[in-house]
Amino acid sequence: MRRCYNCECEIPPETEHYIIDGEGYCTDCVESKPYTAYNYYIDGEYAGCSEDDTVSHVEAYEDEYEIEEVNPQ
């Protein structure tokens with residue numbers, strides 16, 4: 001017999017449930033919220049994910065662009 005790790009209610013066979021860190025939880029104890037993650041590709045090659053720290057999307061108002069001054073000689 002499978003029991004919820006949190007509330008100890010029985011989880012019958014072939015019933016929707018969650019496994020978190022190897023422990024079973026019933027759907028009443030787990031709150032799930034949908035979210036969107038993005039995978040980024042350059043020329044078809046994986047470049048990163050929106051959940052990684054390696055890729056960040058910069059909005060126009062967040063851009064810290066510095067103009068280099070060219071000294072004509």
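Throughout, residue positions are numbered sequentially from 1 according to the sequence presented. Values in this document were obtained by computation on a predicted structure and should not be read as measured data.
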Counting only pairs under 3.5 Å, give me each side-chain donor-acceptor contact of residues 2-30, with atom names and distances, residues two or more places apart or in other chains.
| unit_1 | atom_1 | unit_2 | atom_2 | d |
| --- | --- | --- | --- | --- |
| Arg2 | NH2 | Pro12 | O | 3.2 |
| Arg3 | NH1 | Glu8 | O | 2.9 |
| Thr15 | OG1 | Pro12 | O | 2.8 |
| Thr15 | OG1 | Pro13 | O | 3.3 |
| His17 | ND1 | Thr15 | O | 2.8 |
| Tyr18 | OH | Ser32 | OG | 3.4 |

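Here the closest non-hydrogen pair linking Val55 and Ala47 is CG2-O, 3.8 Å.
Counting only residues at least two apart or in different chains, side-chain hydrogen bond (donor to acceptor under 3.5 Å, both in side chains) contacts with residues 34-51 comprise Tyr35-Glu51.
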